[in-house]
Amino acid sequence: GNKNIQAKLVLLGDMGAGKTSLVLRFVKGQFHEYQESTIGAAFFTQVLSLNEATVKFDIWDTAGQERYHSLAPMYYRGAAAAVVVYDITSMDSFQRAKKWVLELQRQGNPKIVMFLVANKADLAEKRQVDSEEGEQYAKENGLSFLETSAKTAQNVNDLFYEIAKRVAKA
Ligand code: GTP
């Protein structure tokens, strides 16, 4: 029979990395050049139908600004999946992503499905973080890795499909 699964998914990452933009691309098929910075967190839902299951995502898009850091545990607690996002044009955002990975490893659900996402892949001419660097870090830490662009939609649906498949298997 077809399983119905409800899965809490959290996005974490530096301000401006593109968390909201990835979610809006996935949920609404939209992209805004002037996306406003998230305050606190924003909530979205989306349903994905796989052959083996229907996955309803409860998506928490957290605010990347440092002053909201202390709220994060409320959003990753009990999450089935976490997407840690950085911006390939910002080495700082990559360093911040590593801190989120550490925090999730120490304090998150030990069975969480974790993806490291290198966003803004369309801005290749401004790249500061090589693909290999992100991929290597992900590999060393047992994370899945994808390069995405919320702007061009590169790998965005794939990201959520991969997560749905992994959550459905768990
Ligand atoms: P906070 O809410 O502050 O944590 O930021 P965020 O991580 O949600 O980033 P947001 O989605 O608000 O995007 C920040 C800026 O980057 C916006 O101006 C977006 O239009 C832009 N942006 C997001 N994703 C991409 C992308 O893939 N490519 C390009 N070129 N710009 C992007």
Side-chain angles (χ1 to χ4, degrees), residues 5-39 41-65 75-76 79-94 96-98 100-101 104 112-139 143-170:
I5 296 166
Q6 187 150 6
K8 180 177 176 184
L9 184 157
V10 64
L11 290 101
L12 298 163
D14 205 359
M15 62 179 287
K19 299 175 294 298
T20 303
S21 298
L22 288 165
V23 176
L24 285 181
R25 170 59 76 190
F26 172 56
V27 172
K28 298 189 175 168
Q30 296 176 351
F31 176 77
H32 305 292
E33 288 286 348
Y34 301 99
Q35 182 62 47
E36 281 174 29
S37 191
T38 302
I39 294 168
F43 180 71
F44 300 84
T45 63
Q46 179 69 304
V47 178
L48 265 185
S49 293
L50 307 171
N51 287 327
E52 62 275 26
T54 300
V55 179
K56 180 180 178 255
F57 282 121
D58 286 336
I59 302 171
W60 286 100
D61 167 25
T62 65
Q65 291 179 53
Y75 301 110
Y76 63 69
V83 177
V84 177
V85 184
Y86 67 91
D87 167 357
I88 67 154
T89 74
S90 160
M91 187 53 82
D92 282 353
S93 78
F94 183 51
R96 187 89 173 84
K98 292 182 185 175
W100 280 119
V101 171
L104 285 167
I112 202 163
V113 170
M114 215 192 299
F115 269 75
L116 181 66
V117 166
N119 189 43
K120 307 198 188 180
D122 58 290
L123 298 177
E125 73 285 357
K126 291 190 189 159
R127 182 187 283 276
Q128 287 186 0
V129 188
D130 287 335
S131 303
E132 295 71 28
E133 201 174 343
E135 211 168 345
Q136 182 64 27
Y137 176 79
K139 203 171 168 188
L143 319 172
S144 300
F145 176 78
L146 272 180
E147 284 211 341
T148 62
S149 168
K151 184 168 179 172
T152 68
Q154 175 190 335
N155 275 341
V156 176
N157 282 339
D158 290 351
L159 168 66
F160 290 95
Y161 267 97
E162 280 306 314
I163 294 170
K165 279 195 225 161
R166 298 264 303 276
V167 166
K169 256 190 227 160

Undergrad: Search all heavy atoms of Tyr86 against all heavy atoms of Gly134 and return the closest pair with its distance.
TA: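 Heavy atoms of Tyr86 and Gly134 come nearest at OH-CA, 3.4 Å.
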
Undergrad: Would you call Lys151 and Glu33 a salt bridge, taking side-chain N to carboxylate O under 4.0 Å as the test?
TA: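 Judged by the 4.0 Å cut-off on N to carboxylate O distance, Lys151 and Glu33 do form a salt bridge.
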
Undergrad: Roughly how far, to the nearest 0.5 Å, is OG1 of Thr89 from CZ of Arg127?
TA: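 Rounded to the nearest 0.5 Å, the CZ-OG1 separation comes out at 10.0 Å.
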
Undergrad: Could you state the interatomic distance from CG (Leu24) to CD (Gln30), rounded to the nearest 0.5 Å?
TA: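 Leu24 atom CG to Gln30 atom CD measures 6.5 Å (nearest 0.5 Å).
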
Undergrad: Do Glu147 and Glu135 have side chains that approach each other closer than 4.5 Å (heavy atoms only, starting at C-beta)?
TA: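 Side chain of Glu147 against side chain of Glu135, heavy atoms only: no contact under 4.5 Å found.
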
Undergrad: For Asp122 and Ser149, test the side chains for any donor-to-acceptor distance below 3.5 angstrom and give the result as yes or no.
TA: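 A pair is found: one side chain offers a donor N or O, the other an acceptor, under 3.5 Å apart.
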
Undergrad: Can you name the nearest heavy-atom pair linking Ala121 to Ile88, along with the distance?
TA: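 Looking at all heavy atoms of both residues, the closest pair is CA-CD1, 3.8 Å.
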
Undergrad: With no hydrogens and no angle check, just 3.5 Å: does a side-chain donor-acceptor pair link Gln6 and Asp58?
TA: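 Yes, a side-chain donor-acceptor pair sits under 3.5 Å.
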
Undergrad: Between side-chain atoms of residues 8-19 and protein atoms elsewhere (two or more places apart, or another chain), which donor-acceptor pairs fall under 3.5 Å?
TA:
residue, atom, partner, partner atom, Å
Lys8, NZ, Met74, O, 3.2
Lys8, NZ, Tyr75, O, 3.3
Lys8, NZ, Arg77, O, 2.6
Lys19, NZ, Gly13, O, 2.9
Lys19, NZ, Asp14, O, 2.8

Undergrad: When rounded to the nearest 0.5 angstrom, what distance separates CG in Asn51 from NZ in Lys165?
TA: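 If I round to the nearest 0.5 Å, the distance is 9.5 Å.
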
Undergrad: So, for Val156 and Ala150, which heavy atoms are closest and what is the spacing to 0.1 Å?
TA: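 Where Val156 meets Ala150 most closely, the heavy atoms are CG2-CA, 4.2 Å.
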
Undergrad: Identify the two heavy atoms, one from Ala7 and one from Val55, that lie closest to each other, and give their separation to 0.1 Å.
TA: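 Shortest heavy-atom separation between Ala7 and Val55 comes out as CB-CG1, 4.3 Å.
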
Undergrad: In Å and rounded to the nearest 0.5 Å, what is the CZ to CG distance from Phe145 to Asn155?
TA: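 It is 10.0 Å, given to the nearest 0.5 Å.
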
Undergrad: Using a 6.0 Å cut-off, check whether atom NZ of Lys139 has over 12 heavy atoms from anything other than its own residue.
TA: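 It does not: Lys139 NZ has 12 such atoms or fewer within range.
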
Undergrad: Could you pull out the closest heavy-atom pair between Leu104 and Ala82, with the gap in Å?
TA: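 Looking at all heavy atoms of both residues, the closest pair is CD1-CB, 3.8 Å.
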
Undergrad: Ignoring hydrogens and geometry beyond distance, is a side-chain donor-acceptor pair present between Asp92 and Ser90 at under 3.5 Å?
TA: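 No donor-acceptor contact under 3.5 Å links the two side chains.
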
Undergrad: Can you classify the ring geometry of Phe160 versus Phe26 as parallel (below 30°), tilted (30 to 60°) or perpendicular (above 60°)?
TA: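 Correct class here is parallel.
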
Undergrad: Nearest 0.5 Å, what's the OG1-CG distance between Thr148 and Asn157?
TA: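 Thr148 OG1 to Asn157 CG: 11.5 Å, rounded to 0.5 Å.
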
Undergrad: Do Ser144 and Arg166 have side-chain N/O donor and acceptor atoms under 3.5 Å apart?
TA: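 Indeed, the side chains of Ser144 and Arg166 share at least one donor-acceptor pair under 3.5 Å.
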
Undergrad: Please check if atom NZ in Lys126 has more than 12 non-hydrogen atoms from other residues, nucleotides or ligands closer than 6.0 Å.
TA: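 No, not enclosed.
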
Undergrad: Taking all atoms of both residues into account, what is the closest heavy-atom pair of Ala97 and Val85, and its distance?
TA: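 Shortest heavy-atom separation between Ala97 and Val85 comes out as CB-O, 4.4 Å.
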
Undergrad: Working to the nearest 0.5 Å, report the span between CD of Gln154 and CZ of Arg25.
TA: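 These two atoms lie 11.5 Å from each other.
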
Undergrad: Answer yes or no: is there a donor N or O on one side and an acceptor on the other, between the side chain of Ser93 and the main chain of Asp87, under 3.5 Å?
TA: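 Present.
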
